[in-house]
Each structure stands twice: as structure tokens, then as C-alpha cells.
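All heavy atoms count here, side chains included; hydrogens, waters and symmetry mates do not.
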Amino acid sequence: MNGKRNSQFRSGNNRTRHFSFWIAGFLFLRFSLSGFGMQGADNAELQRVLSQMEAVGKEFRTFAAKFTQRKYTAVLREFDTPEAGEFFYSRAKDGSALLRQDVATPGRRILTVKDGIATIHQPNIKQAQVANLGQHKDKAEYLALGIGQSPKKLQETFHLFYQGNEQINGVACSVLVLKPKSAKTAALFSSITLWVRKSSGIPIQQKLQEPSGDYLLVNFFEEKLNSKLPDSKFEQKLPGGTDIQRIQ
């Protein structure tokens, strides 16, 4: 029984850390976006991948996919319980990000970002956290890093490196590693790795590495580009009786 309770505690604790992880990214990362990064002997291949991503960005309207994510804890040397659900990403008329991450298992959790407000709702326990992103609302696209964005937008914050090719679930991918330039960003993430699908120029796997050795591994599949997504998809109406925590 103690082992079961400990496992449940770690699972709940890790889900809370997921929220803190994303909000930390929202509140502290500084994404200003211009210029290509060309590093080392693989410049030609890096430029090919970035050119493909640039072409996708010019036509981008929406992105929808199923996803899974797992948090690895270095001290415990184990992954927490995998989460699975659906992810939606678009842009409002003013260019700001519209996001929805709808976790279905193991417990329902809905994250939305609209008009600079990030809301995480856990219906099963009737709790929600709401954060006003304020002057950082344009940074919400961090959750969809590299998806439909011009790669020129990454250079000011990151050094970009081409790390070869890999198969992810049978899909041929180019691997890009992003190294933070600023100490403030590096304090959150020592590196971010993107596995970019060769056939589409869309990242289908992300690894967000923390200095502690912990990391979050996110996989997208059944991706759909430029399908119709109404703005209402990115809104949440919290039911009466929900315990709402507001984060400034």
C-alpha cells in the first residue's frame, strides 16, 4: 500500500510540476525572433531543414495533432505516468497565439491560451489555475516551438545545431538542437531538441532538457495542418463550483 500511495503522490506531484514547468516558460522565457543559425560542418543540411520550416511557416494557419508526453526525473531515474490527448494551435487576427492542450489520460486536464490568458482546468477535482501572461503573451507559442513558425524567430534566443537523422516511430526526421544564449533561459532549459519530420517540416518530437537532468519528452502524431479551427476551440468556460487560483 505504501508503494501505491508513493506512486500516486509522485504522479500527482509531477502533474503539478507540468503546470509549473509551462508557466515558468511563459513567464520567464524571452523569445525574440530573427536570423538563421548556421553552425559547424553541417551548415548545408541545417539550412535545408530551416528552409523547409520557413516554407511551412509562410502558409501556416492551424495545427492539430494527438500527443503524448512523459516527464523524466533524473534523481528517480524514471519517467512519470505518460499523458495523452490532443493539441491545437492557431493564431488570432492580431497574430497572438491560440493554444489548447487537452489531456485525456490518465486524468483530464485542459490548458488553453487565448488573449494572453493561460488557463489550466482539472475537471475531475474541480480546480483551475489562471495566469495573465501580460507583456509575455506573444511568447505563448513556446508550447508549439518550431511548428509553423519561421526558424528565423529562434536565432536571437538560441544557437541552432544540426544533429543528423533519426527515425521516430518509423518516421524519418532531421534532428535540431537549440542551445540557449542567455543565462536566464539556460537556467530553465540547458537544451531543446526538435525532431523535424522530413516530409512536412513539422517537429513531431520535442525534448526539453532542464539543468537538473530532468526533461519533458513530447510526441505529436496524426498531425493536421491548416484545418479549420474556430476561436471558440481555445476558450474555456469554467463551471460553477470550480476552485480558481489566479497567478500574477
Side-chain angles (χ1 to χ4, degrees), residues 2-29 31 63 65-89 99-113 118-125 127-129 131 133 139-147 158 163 166 168-169 173 175-180 184-196 203-223 245 247:
N2 286 340
K4 184 176 181 181
R5 284 199 298 270
N6 288 339
S7 176
Q8 290 172 339
F9 175 79
R10 286 202 303 272
S11 178
N13 216 22
N14 282 326
R15 281 193 286 273
T16 300
R17 289 171 60 199
H18 282 169
F19 173 75
S20 299
F21 181 87
W22 290 125
I23 292 301
F26 281 139
L27 298 180
F28 296 108
L29 284 182
F31 284 94
F63 173 79
K66 294 182 179 179
F67 82 97
T68 61
Q69 64 182 23
R70 298 184 294 166
K71 184 68 184 288
Y72 178 80
T73 303
V75 172
L76 299 176
R77 296 184 179 181
E78 65 181 26
F79 284 98
D80 68 357
T81 303
E83 296 182 324
E86 294 182 289
F87 183 83
F88 304 92
Y89 168 47
L99 291 156
R100 183 183 181 100
Q101 187 191 64
D102 198 332
V103 174
T105 60
R108 187 85 189 279
R109 188 179 72 253
I110 308 161
L111 163 67
T112 55
V113 178
T119 302
I120 291 186
H121 180 210
Q122 295 175 276
N124 294 348
I125 59 175
Q127 289 184 356
Q129 292 111 351
L133 304 181
K139 316 309 181 191
E141 288 181 305
Y142 164 71
L143 288 175
L145 191 64
I147 298 175
F158 297 102
Q163 293 288 297
E166 286 187 24
I168 299 297
N169 298 323
C173 295
V175 185
L176 301 184
V177 175
L178 285 62
K179 293 282 189 178
K184 184 173 289 188
T185 303
L188 292 170
F189 307 110
S190 55
S191 68
I192 297 174
T193 306
L194 302 178
W195 284 260
V196 181
I204 62 168
Q205 181 169 280
Q206 304 170 338
K207 180 181 180 181
L208 300 105
Q209 182 83 45
E210 300 175 47
S212 64
D214 296 356
Y215 63 85
L216 185 70
L217 191 67
V218 184
N219 289 87
F220 295 110
F221 54 100
E222 297 184 22
E223 318 95 78
Q245 177 188 7
I247 300 174

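Shortest non-hydrogen contact noted between P211 and A187 is CG-O, 3.4 Å.
Shown here are the side chain to side chain contact (heavy atoms under 4.5 Å, CB included) partners of A74, two or more places apart in sequence or in another chain: Y72, D214. Residues passing the side chain to side chain contact (heavy atoms under 4.5 Å, CB included) test with P123 are R108, I110, H121, sequence neighbours excluded. Partners of E166 according to the side chain to side chain donor-acceptor pair (under 3.5 Å) rule, which considers only residues two or more places apart in sequence or in another chain, are W195. Checked against side chain to side chain contact (heavy atoms under 4.5 Å, CB included), S190 has the following partners two or more places apart in sequence or in another chain: Q209. Taking the ring-ring contact (aromatic ring centres under 6.0 Å, His included) definition, one finds that F67 meets it with nothing, sequence neighbours left out. By the side chain to side chain contact (heavy atoms under 4.5 Å, CB included) test, A84 pairs with T68, T105, sequence neighbours left out.
Residue L216 holds its CG atom at 8.0 Å from CD of E210, rounded to the nearest 0.5 Å. Atom NZ of K71 is separated from atom CG of L217 by 12.0 Å, given to the nearest 0.5 angstrom. In this structure, the separation between OG1 on T119 and CZ on R100 is 10.5 Å, given to the nearest 0.5 Å. Note that the OG1 atom of T185 and the CG atom of L178 stand 11.0 Å from one another [nearest 0.5 Å]. One distance of note links CD of Q206 with CG of N219; it measures 9.0 Å at 0.5 Å rounding. For the atom pair R70 CZ and E78 CD, the distance stands at 12.0 Å (nearest 0.5 Å).
You'll find the side chain of I147 reaches within 4.5 Å of the side chain of F220, heavy atoms only. Proximity of L111 to L99: side-chain heavy atoms (C-beta onward) are nowhere separated by under 4.5 Å. By the 4.5 Å heavy-atom criterion applied to side chains, F158 and I192 are counted as neighbours. A 4.5 Å side-chain heavy-atom check between L208 and L145 finds every atom pair outside the cut-off.
Between Y215 and F79, the two ring planes are perpendicular [angle over 60°; tilted spans 30° to 60°].
In N124, the CG atom is crowded: over 12 heavy atoms of neighbouring residues, nucleotides or ligands sit closer than 6.0 Å.
Test Q127, E83, Q122 against R109 for side chain to side chain donor-acceptor pair (under 3.5 Å) and you get one pass: E83.
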